[in-house]
Number of protein chains: 2
Amino acid sequence: MTEKKKLFKNRILKELYFGDTLSCADLCFKIDKSFPVTQKILEELVTENLVTDTGYAASTGGRRPLTYSLQKNVMYLVSVAMDQFVTKIAIMDMQNNFIFPIEKIVLPLTNNPEAVQVLIDKIANVIELSGIPKEKFIGIGIGMPGFVDVEKGINYSFLNLPDNKSITKHITAQIGLPVSIDNDSSLIALAELRFGAAKGDRNTMVINIGWGIGLGLILNGKLYRGHEGFAGEFSHIPIFLNGKLCWCGKAGCLETETSLLLIIEKAREGINAGRLSKLSSLPLHDPELACDAIIKAVKEGDQFAIELFSKAGYNIGKGVAILIHLLNPNKIILSGRGASAGQIWQAPIQQSLNEHCIHRLFQSTSIEISKLGIDAELIGAAALLMENYEQFKVSKN
Amino acid sequence: MTEKKKLFKNRILKELYFGDTLSCADLCFKIDKSFPVTQKILEELVTENLVTDTGYAASTGGRRPLTYSLQKNVMYLVSVAMDQFVTKIAIMDMQNNFIFPIEKIVLPLTNNPEAVQVLIDKIANVIELSGIPKEKFIGIGIGMPGFVDVEKGINYSFLNLPDNKSITKHITAQIGLPVSIDNDSSLIALAELRFGAAKGDRNTMVINIGWGIGLGLILNGKLYRGHEGFAGEFSHIPIFLNGKLCWCGKAGCLETETSLLLIIEKAREGINAGRLSKLSSLPLHDPELACDAIIKAVKEGDQFAIELFSKAGYNIGKGVAILIHLLNPNKIILSGRGASAGQIWQAPIQQSLNEHCIHRLFQSTSIEISKLGIDAELIGAAALLMENYEQFKVSKN
DNA sequence: AAAACTTCTTTAATAATTTAATAAGTTTCT
DNA sequence: AGAAACTTATTAAATTATTAAAGAAGTTTT
């Protein structure tokens, strides 16, 4: 098979992954090829058992199109989502299902030279235990915090290898599968773009409310990463004159006035000062549990918890106002762990925009809460791998 | 001639406009066509006298390539640059020359329902007086302040027509030439991207230091305009807690702490308060003259004038720090009227970045002063028209 | 219920691209 | 200095893709 045909095949597989069920005409449009070529390749993919036809779609006013989907149980991928403390590993199929319970390991990234090897061993272990033959895996997608150079496969903040060696190449060398990495906030944005609230959008900002405030930018319909891949450093834009020193070394960062860690901190202070709240029994040393508890209190209408989120939301709004002035997005999506607090974010952010934004500008920008939930990063890591899929070699031919 | 061939021809003409002198191989790459097709079209363009071959280029290690350029004196365009008070109109050729002295008319845009018609009449007049036959003009490019919808050809701030009618269509209907419009800051950025300091860059921000502080964004190698074309509203990002009311209705906008109008204002105050300076004879009611005078004083080393620019620069730096955090550009270009003050901007902005930016981020971002001068917007308006050129009809065939 | 209209699929004619061969010029090595 | 090796450009032939036209299947309108 020629190189070119391989590329076309991979592109079709990729489009079917993102599009689920598509007609031949849809695929023509997406891969920018003519009907005869597309159909011929599709036929080949069907005989190779990578694709199946899924019957006729409803008519849109004419002959009903024959539709195609990816064959089930023939291709899998490994999806990994890391934060500073915990790493989640999942095996996913081409229909975006987690086909085993998600593995969760404690893996601190700071001052941990072993981290990369631990990660590799664990991934190999998960593949091994799955019982799925390795040839059926097409690759590994990994999301991680820090400054990530996607092209080179290097993380400048964590998981460094000697001589700035590429992590992706390092892992590929050991496991024998293609690897793609990216920043966690970028992957959450990618998940929203491909499978979430930003589907079909061209200019959307995804705010990752987590231990910090991350930002993934979708500009002109594509994930924007910046000159060196460092775009979206929302957490540390200096917009407050509060004199609070941030761990980044500067003062007045957005992060010093809003983040889940700050909310937990303030909750603790409030309780210690005797504030009346359902939160009196806040778990002390586990941020995940503490966060869940406060969000639960919010949903139960606890006044103190709501107050904390409102203030944080108002401050996020100040940052969002700047985003809207600079980038004129059609939509802002609140995602990440904090998004599970739901509609509570809407009012304070809207209020903040009323105060800090030119009316004509935010008029056409909607604020939405993500529906992808806590596993958005895993979905994004899978999507990242599939975005790069067309460059991979087709295993068999 | 087929539609498709027309398109290819226009693309080649466009690439020759932007590339000046190119070989057939260069053009193959740029228009993404094979050698045989490209060469055939080139030959046709030469016989049509739109293109000439310009001899052999120096060898780069092999056979010397035959190069091509646009024929002189066969195509012209009208370029227009507007601000709130003054409109400049120029006739340009395909080699980016102003072939007549630039026309300058006083044309206030605020509360002026006649403005559009005055503009049209003046453009028609300029074409008439040039003595160049109208068939040789390929179109009109116009830059203007305000919120501009490029696709629809509407300016929501100025030059409105009844029922939000398209200005471009309106002008085309009267003059009979294709018209493209865009925001002034976007066009300055486009000029830098195509013919200035951002040539070849992919992620560059162009700051238009003028009566306000404009911003043109080049992201992923293209001018970024946002969801409705309103991106780059840098002047009004709320980052100061100064309580100063801006004309936009909000307080603390970037514009309230830095802009040429503010510098003029402060200069006036200082002089009235008896500050020692070469500026004691500041022209009172013409901002252009006043601005020129202060910039002249800066260049002569006047301490007071330098102080004013330094403070303004430091505050621009605060805004730039936010840009760098969010968009990780490879370069920031200072352009517009204020750029003529030159290197004076460098130190205070750099100082501000040191204080307000994460080191790892601004390390790889350079700050440059534009060399295009005060006519950047006219060059940008021409570039805008040529960017759209491939959609135009070839006049003769 | 038939005609007109859409949309998808197939086939044949047309157009573009790749590939291979050739020509023209540079550099490197002896 | 001169030949061999290497680049790059051009031409021609073979391959591949696209376009246009015709046919098939279904929906909507008259």
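Reminder, nothing fancy here: chain letters follow the sequence lines and each chain counts from 1.
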Task: Donor-acceptor contact below 3.5 Å, side chain A:Asp163 vs main chain A:Lys165 - done: no
- [ ] Considering non-hydrogen atoms only, spot the tightest contact between A:Pro329 and B:His227 and give its length.
- [x] C-CB, 3.8 Å
Task: Aromatic plane relationship, B:Tyr76 with B:Phe137 - under 30° parallel, 30 to 60° tilted, over 60° perpendicular - done: tilted
Task: Rounded distance in Å - CG (B:Asp32) to P (D:dA17) - done: 15 Å
TODO: Taking all heavy atoms of A:Glu192 and all of A:Val206, pick out the closest pair and write down the distance.
DONE: CG-CG1, 3.9 Å
Task: Least distance between heavy atoms, A:Leu190 atom then A:Gly380 atom - done: CD2-O, 3.8 Å
Task: Rounded interatomic separation in angstrom, taking CG from A:Leu42 and C1' from C:dT10 - done: 15 Å
- [ ] Figure out the CZ/P separation between A:Phe29 and C:dT7, and round it to whole Å.
- [x] 15 Å
TODO: Could you state the atom-to-atom distance from CG of A:Leu27 to P of C:dT9 in whole Å?
DONE: 11 Å
Atom pairs, protein N/O to nucleotides 10-14 of chain D N/O, distance under 3.5 Å:
unit_1	atom_1	unit_2	atom_2	d
D:dT11	OP2	B:Gln39	OE1	3.3
D:dT11	OP2	B:Gln39	NE2	3.1

TODO: Verify whether one side chain among A:Asn330 and A:Thr204 offers a donor that lies under 3.5 Å from an acceptor in the other.
DONE: yes
Task: OP1 or OP2 of C:dT17 under 4.0 Å from side-chain N/O of B:Lys33 - done: yes
- [ ] For B:Leu385 and B:Ser180, work out which heavy atoms get closest and say how close.
- [x] CD1-OG, 4.0 Å
Pairs of donor and acceptor atoms involving the side chains of residues 26-41 of chain A, under 3.5 Å and at least two apart or interchain, shall be tabulated with distances.
unit_1	atom_1	unit_2	atom_2	d
A:Asp26	OD2	A:Ser23	N	3.0
A:Asp26	OD2	A:Ser23	OG	3.2
A:Thr38	OG1	A:Ser34	O	2.7

- [ ] Please report, rounded to the nearest Å, how far the C1' atom of D:dA9 is from the CG atom of B:Leu22.
- [x] 16 Å
Task: Terminal axes of the helix from C:dA1-D:dT30 to C:dT30-D:dA1 (five pairs each): angle between them, nearest 10 degrees - done: 20°
